[in-house]
Asks: 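What follows is a structure written as structure tokens; I'll ask about it next.
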Amino acid sequence: MASPPTGLGFEKWMGFLSSFVAPLTLVTALLFYFGYVSTREFFRYFGIDVDIIGMSSQEFVMRSPGALFIPVMVLLLLAAALIVAHRRLRDHLSMQTPDRRRRTIGAFAWTGIGFLLAGLALAFVMPLLAGWDYAMLLTPLLLAIGAGLSAYAASTARSLGSTGVGRSVVVLLVLVMVAGTFWSTATVAQWWGRGQARALASDLRALPAVILDTRERIFPGNSAIGFQELQPAASDTPNDDGSTPVAPAMTHGYRYSGLRLLAQGGGRLYLVPDEWSPNASTLVVSYDDVRVRFRFVPDADAPTDP
């Protein structure tokens, strides 16, 4: 007598997942979200709330590939490995007795339950592990792996007709796996944005240099930012009545140098000092209150003609 197809449940849920993530609108929404998460973490490093910059949805989408490249590659390779492993396991189970099949499926189920319990325990104690960054990644990974193993075991057991687990339980486990994967990817996107910010802060020469003239004096609180009080220059030509000409009033009488343009948007400029330090701060000025000059410099490592 031919043994029942042990791979039916797994393949059905893989088809469900592929049909769930296929729509273009969902893909665009995911790109926007992960782009937003990484960009928010990037500007948060410089003390800026990304929501006040006024970036468009397209800009967030365009910033997402860098943050998603590694997670997507890992997930695709993992999916390929799981498909191969599933087919090997299906062939192996087809040659086993029903009792051996139940023990094998039970091993998957209990392993998944163990991962789920570990993930839940870590989630409850996460507030106590605020200084451990890896907790934000390990918790969703444990939940996703545990839910995936449990769903696989339950789905395979259902296809063999050897369990009373309902379909709703499998659906809920699959949703937990998707949520855990989503959470893990969001954490990687946060790390990516923070890493990009730190790399930029270590060498801000890639940003355009800025000379800022203001109407009123400001106090950036950073000694690396140069300050100069501008003095109006009087004309050397005397007036018609022979009196000495009076210098015109300065509209923008204060000049600041040693600044770099980090971002602009919402009618504001976001400027950082040439050298970033833990006590540095981002200077936010309005277009209407300042006069700005930019200086773009060539790449120091630009290729030269042979």
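We're numbering straight along the sequence, starting at 1. Excluded from the calculations below are hydrogen atoms, water molecules and symmetry mates; all remaining heavy atoms, backbone and side chain alike, are included. What you see is a predicted model; the values in this text were computed from it and never measured.
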Asks: Answer yes or no: is there a side-chain heavy-atom contact under 4.5 Å between L269 and V284?
Replies: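 Not touching, per the 4.5 Å side-chain cut-off.
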Asks: Applying the 4.5 Å side-chain criterion to the ILVMFWY set and letting contacts propagate, would L68 and L76 be lumped into a single cluster?
Replies: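 Result: yes, single cluster for both.
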Asks: A side-chain contact here means heavy atoms from C-beta on lying under 4.5 Å apart; do L200 and F42 qualify?
Replies: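 Touching, per the 4.5 Å side-chain cut-off.
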Asks: To the nearest 0.5 angstrom, please state how far the OG atom of S150 sits from the CG atom of L172.
Replies: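 Here the rounded value is 12.0 Å.
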Asks: Over all heavy atoms of both residues, which pair between L137 and S184 is shortest? Give the atoms and the distance, please.
Replies: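 Nearest pair, atom of L137 first, then S184: CD1-O, 3.9 Å.
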Asks: Of all heavy-atom pairs between M136 and T187, which one has the smallest distance, and what is that distance?
Replies: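 Nearest heavy atoms, M136 then T187: O-OG1, 3.2 Å.
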Asks: Side-chain heavy atoms under 4.5 angstrom apart, residues restricted to Ile, Leu, Val, Met, Phe, Trp, Tyr: same cluster for W191 and I70?
Replies: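 No, no single cluster joins them.
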Asks: If I compare all heavy atoms of L142 with all of F115, which pair ends up nearest, and what's the gap?
Replies: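 That would be CD2-CD2, 3.4 Å.
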Asks: Is there a donor-acceptor pair closer than 3.5 Å between any side-chain N or O of S155 and the backbone N or O of Y152?
Replies: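 No; judged by distance alone, with no hydrogens or angles, the pair does not exist.
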Asks: Where is the tightest heavy-atom contact between A67 and P71, given as atom of each residue plus distance?
Replies: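 Closest approach of A67 to P71, heavy atoms only: O-CD, 3.4 Å.
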Asks: Same cluster for V169 and L120 if Ile/Leu/Val/Met/Phe/Trp/Tyr side chains link at under 4.5 Å?
Replies: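 V169 and L120: one cluster.
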Asks: Given T104 and L89, is the side-chain contact (heavy atoms from CB on, under 4.5 Å) satisfied, shown in steps?
Replies: CA-CA 10 Å; T104 302; L89 180 63; 4.2 Å; yes
Asks: For the residue pair L141 and T181, establish whether any side-chain heavy-atom pair is separated by less than 4.5 Å.
Replies: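 Side chain of L141 against side chain of T181, heavy atoms only: no contact under 4.5 Å found.
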Asks: Where the side chain of R194 meets the backbone of E41, is there a donor-acceptor pair that is under 3.5 Å apart?
Replies: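 No; zero donor-acceptor contacts below 3.5 Å.
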Asks: Running the 4.5 Å side-chain criterion over Ile, Leu, Val, Met, Phe, Trp and Tyr, what cluster does L75 land in, apart from itself?
Replies: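 Direct or chained contacts put L75 with none.
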Asks: Count I, L, V, M, F, W, Y as connected when their side-chain heavy atoms are under 4.5 Å apart, and connections chain through other members. Are I52 and V50 then in the same cluster?
Replies: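 The answer is yes; both residues are in one hydrophobic cluster.
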Asks: Using side-chain contact (heavy atoms from CB on, under 4.5 Å) as the criterion, list what pairs up with R103, not counting sequence neighbours.
Replies: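 With neighbours one apart ignored, the set is D99, R100.
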Asks: Which ILVMFWY residues are connected to I113, directly or by a chain of links, through side-chain heavy atoms under 4.5 Å apart?
Replies: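 Listed partners: W110, L117.
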Asks: Considering the options F46, Y45, F43, which one meets the side-chain contact (heavy atoms from CB on, under 4.5 Å) requirement together with T282?
Replies: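 Of the listed residues F46, Y45, F43, the side-chain contact (heavy atoms from CB on, under 4.5 Å) partner of T282 is F46.
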Asks: Restricting to side-chain contact (heavy atoms from CB on, under 4.5 Å), what partner residues turn up for F69, sequence neighbours left out?
Replies: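 Counting only residues at least two positions away or on another chain, F69 forms a side-chain contact (heavy atoms from CB on, under 4.5 Å) with M73.
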Asks: Atom OG1 in T185, atom CG in L30: separation rounded to 0.5 Å?
Replies: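 Interatomic distance, T185 OG1 to L30 CG, rounded to 0.5 Å: 9.0 Å.
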Asks: Tell me the side-chain hydrogen bond (donor to acceptor under 3.5 Å, both in side chains) pairs involving residues 58-83, sequence neighbours left out?
Replies: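 Residue pairs with at least one partner in residues 58-83: S56-E59.
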Asks: Flag the pair I53 / T39 as yes when at least one side-chain heavy-atom distance between them is below 4.5 Å, and no otherwise.
Replies: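 They are not in side-chain contact.
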Asks: So, taking the atom named OH in Y270 and the one named CD1 in I48, what distance separates them when rounded to the nearest 0.5 Å?
Replies: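 It comes to 6.5 Å.
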Asks: Quick one, Y256 and L271 - any side-chain contact, counting heavy atoms below 4.5 Å?
Replies: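 No; the side chains remain at least 4.5 Å from each other.
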Asks: My understanding is that only residues two or more places apart in sequence, or in another chain, count here; which of them pass side-chain contact (heavy atoms from CB on, under 4.5 Å) with D203?
Replies: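 Only R205 meet the side-chain contact (heavy atoms from CB on, under 4.5 Å) criterion with D203.
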Asks: Heavy atoms, side chains only, cut-off 4.5 Å: are L212 and R255 in contact?
Replies: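 Of all side-chain heavy-atom pairs linking R255 with L212, none is under 4.5 Å.
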Asks: For residues L207 and L261, determine if any side-chain heavy atom of one lies less than 4.5 Å from a side-chain heavy atom of the other.
Replies: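 With C-beta onward as the side chain, the pair stays apart.
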Asks: Which pair of non-hydrogen atoms, one from I225 and one from S257, has the smallest distance, and what is that distance?
Replies: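 I225 and S257 have their closest heavy atoms at CG2-O, 3.3 Å.
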Asks: Set out, in order, the CA-CA distance, both residues' side-chain angles and the distance that settles side-chain contact (heavy atoms from CB on, under 4.5 Å) for D274 and L204, then state yes or no.
Replies: CA-CA 6 Å; D274 280 338; L204 293 167; 6.0 Å; no
Asks: Is the shortest side-chain heavy-atom distance between F124 and T139 below 4.5 Å?
Replies: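 Not in contact.
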Asks: I need the S202 OG to W276 CH2 distance, nearest 0.5 Å.
Replies: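 CH2 of W276 is found 13.0 Å from OG of S202.
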Asks: Would you compute the distance between atom CG of L149 and atom CD1 of I105 and round it to the nearest 0.5 angstrom?
Replies: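 Here the interatomic distance stands at 13.0 Å.
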Asks: With under 30° as parallel and over 60° as perpendicular, where do the rings of F182 and F34 fit, or are they tilted in between?
Replies: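 Geometry flag for F34 against F182: tilted rings.
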Asks: Check this for me: R44, atom CZ, are more than 12 non-hydrogen atoms of other residues, nucleotides or ligands nearer than 6.0 Å?
Replies: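 No, CZ of R44 has 12 or fewer neighbouring heavy atoms, counting only those of other groups under 6.0 Å.
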Asks: Decide if atom CD of E275 counts as having more than 12 heavy atoms of other residues, nucleotides or ligands within a radius under 6.0 Å.
Replies: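 Open.
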Asks: Assess whether atom CG of L78 is packed by more than 12 heavy atoms of other residues, nucleotides or ligands within 6.0 Å.
Replies: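 More than 12 within 6.0 Å, yes.
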Asks: Does W192 belong to the same Ile/Leu/Val/Met/Phe/Trp/Tyr cluster as Y36, with side-chain heavy atoms less than 4.5 Å apart forming each link?
Replies: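 Shared cluster, no.
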Asks: Considering all heavy atoms of both residues, which atom of M177 and which atom of A147 are nearest to each other, and what is their separation?
Replies: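 Looks like N-CB, 3.7 Å.
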